[in-house]
Amino acid sequence: MTTESRRVPLPEGPSAEDFRAFFETVELPSALCDTGLRLQLGNTAFARFCFDHGLTVEQMMESLSGARVPDDGASCVVEVPLPQGGVVVMELARRGACVSVVGRRESELMRGQLVVVEQALLEQARTEGVLLDLGRSVAEAGSEEELVAAVARGVKELFPGRSFCIRIIDARTGVLTSLYAEGRLKEGSREPLVLKRSAVGKLHLSTDAIPEGKVVVAAQVPLLFESSTGGVSAPLVASGQLYGVINLEYPSTLREEVDLQQDERVLVQLANQVAVAVKNAKLIDELTFVRKYLEELLEKANALILVANRDKKVVVFNQAISRLTGFAKEEVLGQDVFTLVPEDEHLRLASVLAAALRGEPVPNFELRLRTRTGEARVSFATSSALTSQGEVEGVMAIGQDVTVVEQLEQRVIHAEKLASMGQLAASVAHEINNPMTAVVMSAESLLQRAMMMGSAGAADAEKLRKILESGQRILRFTRDLTSYARPAKDKPERVLLNALLDRALGYCEHVVTQAKVKVERDYGELPPLSAVPANLEQVFVNLITNACHAMQPGGQVFLRTRREGREAVVWVKDTGSGIDPANLSRIFEPFFTTKTEGRGTGLGLSIVQRIVEKHGGQLSVESALGQGTTFTVRLPLAD
């Protein structure tokens, strides 16, 4: 099989004349030049373009001769000045050794300018959109930390690729309160803040508003970040106060072309908006702090504080009044204030509230408050709570619990009575002592005479002996009573504790007899100790008396002493009814007593505890209902 090949003739390319004819038909004003911008060929539209702008083709080419020829494959735009003023735009494009020149008409220029304007408008719209979103974000920020985070997001969106630092300060002290940095800060760039002198002048920031030592004003602001090539900054100023500064810098890795003036304009616009937000946040923080401080002050105040609104609903109920009544704040807030007082106090309370709501203060009034366990008497002073317009919006009552005061007054009266009785008893003892001494001496004389009479006087001798014993007992009691009532000297002495305990028991002999109880003593050997004898006697008289009062007839009091190491220990135990566990922790409180009216003031054990502790000892108690009570006194022995 034979294959034949044939040459297919290719169509011939256009000739030079054909190209010239085509070039002439092109509507664009075009010309072809060599790399020296010497004219090789120009179309009719080019000649007309030159004529329309007041130039010949030769003049146009002469004006172009000084222009820079673009690189091969590149193009550029050249502005050619016109004789009558203004410029004409020519576009040059190079392909090898040939350079094309194309003249731009006004419509094309307008189109290019419109593109630039459109891009500028779009950028402005984007900027305004970001600033609007930023305004909403900072307005919704609940704290300074959230506000700074919102500003950081806005700066990132407005200035992508830049390094920036946001610093917020206290306007009064200049102390840095918040810092956010995007980039690597240089050492020592946190403080002080450096403001540009020209910016301070534009913002009319006075020197008084610039915290000394924390803020510096300079001609130029130093760069804060490592590897930065330049930057701009904007102070945060609102109402003449400095609240911080935002620094924007350009890292060396940033490839896009930057417009410093445009960035500074947008940054100042952002800073003005942020400054107002920071000021408001600072004010809110201060108001919140003051409000919390006042609330804490009212809540923890050592006074009864109650506030009711115009509808007579409780809006403030502090801890002091909560402790007094036993009602929790949550139970009372929002309730009618009349629920806190007994029904028979409603009329008095209503008149006081009415006066306070009329703006008339009530300096002092007493009423009873309901409590969980009964009632408490309190004394209140009221004042009107006013709005910012001066209108009365409620009533504030501040007072104190006078229940304790009344109890103290009764205790003082009772103590004065006891003191008077003590003075009277001492006088009576003195008056009894003199005639009783004469009785005892006469009884002794008669007894000796009766004994000399032998059996004839035996009956009289026995009677006289009883008279003598009773008289001596009365003399001993009056002597002990006078000694016990005498004020104790504070100077300690060396005391034998067992002997002191016997003397105290002697003072209580009538109490023991009246209570019809027995006393058992179990003393151990004890060395002397240093003490004020009269004070320790008072301790044990009180403990023995309490033990007798706690028992029914037939009970027993046990007095026991032992040495334990460097301490002397005394146990006073009774077989009485014991102490309720609910009261056991309170028995050493002043004026607390479980005795019936008239049998105790509640001061005894608190005084006993104070005397023991003053001697360097300890007083403790153990008790069980129905099994009796034991008081333990530990005293240090003398060296």
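Side-chain atoms are counted along with the backbone in the values below, which use heavy atoms only and exclude waters and symmetry mates. Everything numeric here is computed off the predicted structure, so don't read it as measured data. The first residue in the sequence is number 1, and the count goes up from there.
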Please check this pair: side chain of [X] against backbone of [Y], looking for a donor-acceptor N/O pair closer than 3.5 Å.
| X | Y | value |
| --- | --- | --- |
| R372 | G326 | yes |
| H53 | L82 | no |
| R94 | V69 | no |
| T382 | M396 | no |
| T229 | Y250 | yes |
| Q59 | T56 | yes |
| D170 | V175 | no |

Can you tell me how far [atom2] of [Y] sits from [atom1] of [X], rounded to the nearest 0.5 angstrom?
| X | Y | atom1 | atom2 | answer |
| --- | --- | --- | --- | --- |
| S163 | L248 | OG | CG | 8.5 Å |
| T35 | L37 | OG1 | CG | 8.0 Å |
| Q319 | I305 | CD | CD1 | 11.0 Å |
| I321 | L369 | CD1 | CG | 5.5 Å |
| C98 | Q40 | SG | CD | 8.0 Å |

Quick one: does [X]'s side chain get under 4.5 Å of [Y]'s, heavy atoms only?
| X | Y | result |
| --- | --- | --- |
| V194 | V245 | no |
| L224 | K186 | no |
| R370 | T325 | no |

Checking E249 against R162 for the side chain to side chain contact (heavy atoms under 4.5 Å, CB included) test, could you report, in this order, the C-alpha distance in whole Å, the side-chain angles of both residues, the deciding distance, and whether it holds? CA-CA 6 Å; E249 297 184 5; R162 278 74 158 175; over 6 Å; no
For A275 versus Y243, what's the shortest heavy-atom pair and its separation? O-CD1, 4.5 Å
Looking at every heavy atom in both N43 and S30, which two are closest together, and how far apart are they? OD1-O, 3.0 Å
Test side-chain contact (heavy atoms from CB on, under 4.5 Å), reference L236, set V276, V151, I169, I168, output is I168
Does atom CD of E62 have more than 12 heavy-atom neighbours from other groups under 6.0 Å away? no
For R358, look at atom CZ and say whether over 12 heavy atoms of other residues, nucleotides or ligands are found less than 6.0 Å away. yes
For the residue pair F46 and F49, does the interplanar ring angle fall in the parallel (under 30°), tilted (30 to 60°) or perpendicular (over 60°) class? parallel
Show your reasoning for whether side chain to side chain contact (heavy atoms under 4.5 Å, CB included) applies to L195 and L242. CA-CA 10 Å; L195 305 182; L242 178 67; 3.8 Å; yes
Could you walk me through whether N247 and F164 satisfy the side chain to side chain contact (heavy atoms under 4.5 Å, CB included) test, starting with their C-alpha distance in whole Å, then the side-chain angles of each, then the deciding distance to 0.1 Å, before giving a yes or no? CA-CA 5 Å; N247 293 75; F164 65 90; over 6 Å; no
Verdict with supporting geometry, V378 and L324, side chain to side chain contact (heavy atoms under 4.5 Å, CB included): CA-CA 10 Å; V378 296; L324 175 65; 3.5 Å; yes
Does either side chain, that of S239 or that of K279, offer a donor lying less than 3.5 Å from an acceptor on the other one? yes
